[in-house]
Amino acid sequence: MRNPFNAVDLEIALPFLGVPPDQVEWYLRIWEASREKGWWDGNQAIPSWFSLYVGLEWGASEIHSWDLGHVQGLLQAPGYAEAVIRDGATVDDDTIKEQVATRLRRQEAMRRPEAPLRLHAILDESVLRRRVGSLDVMREQLRHLATLDGHPTITLQVMPFERGEHRGQLGSFTWLGFPQADDPGVVYVENQSGGLYLEKPEQLSEFRADFAELSRRALSTTASINLIRAILKELG
């Protein structure tokens, strides 16, 4: 009977498989994560290509996200989440309900009694003004965001149109940090064909610098909440 493959074996084998030295730690982390079953494993409401992200999200200690398209998934209200999922969906209502429930369950990471996930989200103003679902859905979503003022583990900023051109226009991205002191984290970028995980030092450095610049140029948390309330008032 063969001995089970362990982390030491993997660390020795990876260089022989052509994995660059600066990527070994990433593969070891993914291998460790794959050995632990989470509530997302085998969950039919989560696409196979997205399951890895949910696992990383659940194990992260901090998330920094920049969003151009929709409100960050961890901040979506139920009606908004359903409207996003229904758009272009080819599945039945029961499956959609399961997907909505799964998206909302991801938000439990921010309510963990031990080491809750810390989220710093920056939204483009277009995200707040773009109609998703009905007017009632948008009102619910904006009211939800407005309640985050002073939240202990959530920092919310808005990039207003008046700031003009900036590097965030190149696309949305999410940087996930982990509790291990020597773990540099990973950047997640999503497109129509799936998700891309970036972990090379130069990539992480670039995206972290971009996020810092976006945060500097965006409205303060107080001004951001005020803008959200103003847009909510415009909806009547």
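For the single chain, residues carry numbers from 1 onward in sequence order.
Hydrophobic clustering, with ILVMFWY side chains joined whenever heavy atoms are under 4.5 angstrom apart, keeps Leu198 apart from Leu52. In this structure, Leu123 is not a member of the same hydrophobic cluster as Trp175, with clusters built from ILVMFWY side-chain heavy atoms closer than 4.5 Å. If you chain together hydrophobic residues whose side chains sit under 4.5 Å apart, Val187 and Leu214 fall into the same group. Hydrophobic clustering places Val84 together with Leu135 (ILVMFWY residues linked when any side-chain heavy atoms are closer than 4.5 Å, directly or through intermediates). Ile122 and Leu119 fall into different hydrophobic clusters, where Ile, Leu, Val, Met, Phe, Trp and Tyr side chains are chained together by heavy-atom contacts under 4.5 Å.
In this structure, the separation between CG on Leu232 and CD1 on Ile225 is 11.5 Å, given to the nearest 0.5 Å. For the atom pair Trp66 CH2 and His120 NE2, the distance stands at 11.0 Å (nearest 0.5 Å). From Asp183, atom CG reaches atom OG of Ser61 across 8.5 Å, with rounding to the nearest 0.5 Å.
Ion pairing of Glu234 with Arg129 is present here, as a side-chain N (NZ or NE/NH1/NH2) and a carboxylate O approach within less than 4.0 Å. The existence of a salt bridge linking Glu213 and Arg216 is confirmed by a sub-4.0 Å separation between a basic side-chain nitrogen and an acidic carboxylate oxygen.
More than 12 heavy atoms of other shown residues, nucleotides or ligands fall within 6.0 angstrom of atom CZ in Arg163.
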From CA spacing to verdict: side-chain hydrogen bond (donor to acceptor under 3.5 Å, both in side chains), Glu199, Tyr197:
CA-CA 7 Å; Glu199 44 74 40; Tyr197 300 87; over 6 Å; no
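Met110 and Thr153 get closest at one heavy-atom pair: O-OG1, 4.0 Å. In terms of heavy atoms, Arg86 sits closest to Asp93 at NH1-OD1, 3.1 Å.
Between Gln76 and His144, the side chains place no donor N or O within less than 3.5 Å of an acceptor N or O (distance only, hydrogens not considered). The closest side-chain donor-acceptor pair between Ser126 and Asp124 falls under 3.5 angstrom.
In this structure, Tyr80 and His70 have perpendicular ring planes: the angle between them is above 60°, well past the 30° mark. Classified by interplanar angle (parallel below 30°, tilted 30° to 60°, perpendicular above 60°), the ring pair Phe211/Phe173 is perpendicular.
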